[in-house]
Number of protein chains: 2
Amino acid sequence: MNKIKIAIVDDHQLFRDGIHSLLSKHQEFEIVISAEDGKAFLEKLNEGNHPEILLLDLTMPEMNGFEVLERLKKKYPKIKTIAISMHDDGNYIMQATRGGAHGYLLKNTDEDELLKAIYTVLSGNKYFNTEISQRMINIISLEGVSPKKLSPKEMEILVLIAKGHTTKEIAQKLFISTRTVETHRNNMMKKLEVKNTPELINKAAQLNLI
Amino acid sequence: MNKIKIAIVDDHQLFRDGIHSLLSKHQEFEIVISAEDGKAFLEKLNEGNHPEILLLDLTMPEMNGFEVLERLKKKYPKIKTIAISMHDDGNYIMQATRGGAHGYLLKNTDEDELLKAIYTVLSGNKYFNTEISQRMINIISLEGVSPKKLSPKEMEILVLIAKGHTTKEIAQKLFISTRTVETHRNNMMKKLEVKNTPELINKAAQLNLI
DNA sequence: AAAAGTATCCGTATTTATACGGATGCCAGG
DNA sequence: CCTGGCATCCGTATAAATACGGATACTTTT
């Protein structure tokens with residue numbers, strides 16, 4: 001029967017080798033691509049040997065995992081990506097999932113879980129273990145009903161507030177009226193669904209905005 | 001000549017195997033212990049075969065890396081530990097360093113760096129690469145001149161402030177006077193060397209206090 | 001073309017935080 | 001035993017944030 005074609009993209013050879021040797025113990029897998037960054041991977045893809053499953057590191061030089069996801073979505077939508085990352089931060093997981101990942105694993109995953117993830121995704125489902133799901137749920141609940149992005153000016157003011165500046169100081173620093181600062185702060189509070197400034201800073205920190 | 005005796009402690013076999021096979025390529029190393037948690041490691045230590053270098057994961061069940069460090073400090077001070085962790089957070093690094101680690105590596109380390117770390121620590125120096133050092137410096141500068149811990153009551157009030165409660169609400173919730181809340185808040189601001197409450201929350205988030 | 005978002009700014013009023021000072025009593029550390 | 005930390009609470013005053021409402025003009029999105 002046909003082997004399951006796997007690609008590995010990770011800038012650390014130690015990890016690629018580890019995954020490679022683990023999967024090589026299983027006859028049903030064939031590693032068709034092993035690349036050290038997104039750019040090299042996409043070049044090898046163009047040569048025609050397509051995987052069904054991609055094990056993709058997110059933090060890489062040259063072209064990171066998010067950019068790879070974006071390209072794959074357009075050019076090779078049938079390839080199913082399992083993100084593998086050092087980062088257990090919920091914001092990271094959400095970004096990868098929104099970017100099209102079919103699964104998410106931490107780099108400390110074990111053999112059993114890796115296999116389970118591959119088979120789950122191969123069968124058409126998503127694979128996110130309990131811990132990963134919890135972190136996603138946490139971020140989703142933090143984001144609130146309708147997650148909104150802060151505008152550039154809001155971000156600028158948010159950072160200054162977090163640094164301890166008062167509305168008056170910020171107004172002077174940015175050459176705008178104190179009322180303008182107040183309005184921006186109020187708008188941010190509404191967007192992030194918080195009641196006051198300490199809670200705004202806390203939420204921004206949790207959402208990795210600052 | 002004598003081989004360099006190495007121990008590996010990590011709850012993920014994939015990682016232990018990876019390190020094992022990497023080091024096995026080098027004749028000068030001998031892996032004398034490979035354990036999946038601190039407890040198993042200490043038991044094997046008691047059997048008498050001591051490593052010079054310990055590669056130690058920090059997050060493990062049963063007995064985590066910090067507890068191992070603490071035990072080693074007392075019973076086997078000659079063993080030099082290189083912490084290997086998923087976590088690049090400065091607070092983690094500081095905790096491991098204060099706990100006695102002679103070096104710190106992320107789990108995405110490569111072969112060259114792993115070897116460099118081992119030899120550096122073996123020669124009596126500490127090994128922290130540029131990125132790790134930067135994060136330590138960042139935390140040190142965040143902690144300020146004389147880092148102080150917050151008292152249990154202060155922590156309790158800090159969490160409530162971060163959740164958006166006012167001084168009045170916190171006083172009612174904890175059955176204390178608003179002046180008490182004000183005093184605690186003021187003390188925290190002094191301890192963390194910040195000018196106001198938003199900066200307090202921001203700094204607490206950066207120091208992973210909330 | 002219309003609607004929404006962004007950035008700007010205002011008046012008035014109340015609530016909240018901050019600032020300066022002070023205090024007592026208990027407990028742990030030196 | 002003395003010192004310092006912790007937890008408690010106070011008076012008075014000022015500064016800052018929040019709350020309610022409003023506005024214009026430009027840019028982006030629908």
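First the proteins, then the strands, lettered A, B, ... as listed; each starts at 1. Given the structure is predicted, the values throughout are model-derived calculations rather than measurements.
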Counterpart residues, side-chain hydrogen bond (donor to acceptor under 3.5 Å, both in side chains), relative to [X] (two or more places apart):
X: A/Asp10; answer: A/Lys107
X: A/Asn91; answer: A/Asp89
X: B/Ser151; answer: B/Glu154

Just jot down the side chain to side chain contact (heavy atoms under 4.5 Å, CB included) partners of [X], sequence neighbours excluded, or say none.
X: A/Glu43; value: A/Lys39
X: B/Lys75; value: B/Asn46
X: B/Thr120; value: B/Lys116, B/Asn125, B/Tyr127

Return the orientation label for the B/Phe29 and B/Tyr119 ring planes: parallel under 30°, perpendicular over 60°, tilted otherwise. tilted
Take atom [atom1] of [X] and atom [atom2] of [N], then tell me their distance rounded to the nearest Å.
X: B/Ile170; N: D/dA7; atom1: CD1; atom2: C1'; answer: 16 Å
X: B/Asn187; N: D/dG4; atom1: CG; atom2: P; answer: 16 Å
X: B/Ile176; N: D/dC10; atom1: CD1; atom2: P; answer: 11 Å

Short side-chain N/O contact to [N] OP1/OP2 from [X], under 4.0 Å:
X: B/Lys191; N: D/dC6; answer: yes
X: B/His184; N: D/dT8; answer: yes
X: A/Thr180; N: C/dA7; answer: no
X: A/Ser177; N: C/dC10; answer: yes

I'd like to know if A/Lys73 pairs up with A/Glu70 as an ion pair, taking the criterion as any Lys NZ or Arg NE/NH1/NH2 lying under 4.0 Å from an Asp or Glu carboxylate oxygen. no
What one-letter contact string describes nucleotides 13-30 of chain D from 5' to 3', where B marks a base within less than 4.0 Å of any protein heavy atom, S marks contact via sugar-phosphate atoms alone, and - marks no contact? ---SSBS-----------
Using heavy atoms and a sub-4.0 Å distance, could you list which residues of residues 148-163 of chain A are near DNA chain D? By number, please. none
Of all residues at least two apart in sequence or in a different chain, which pass the ring pair (Phe, Tyr, Trp, His ring centres under 6.0 Å) check with A/His87? A/Tyr92
Set of ring pair (Phe, Tyr, Trp, His ring centres under 6.0 Å) partners for B/His20, sequence neighbours left out: none
Distance-only donor-acceptor pairs under 3.5 Å for side chains of residues 175-184 of chain B, two or more places apart:
from, atom 1, to, atom 2, distance (Å)
B/Ser177, OG, B/Arg179, N, 3.0
B/Thr183, OG1, B/Arg179, O, 2.9

Give the dot-bracket string for DNA chain C, reading 5' to 3', where a pair is Watson-Crick or G-U wobble with both distances under 3.5 Å, ( ) marks pairs inside the strand, [ ] marks pairs crossing earlier ones, | marks a partner on another strand, and . marks unpaired. ||||||||||||||||||||||||||||||
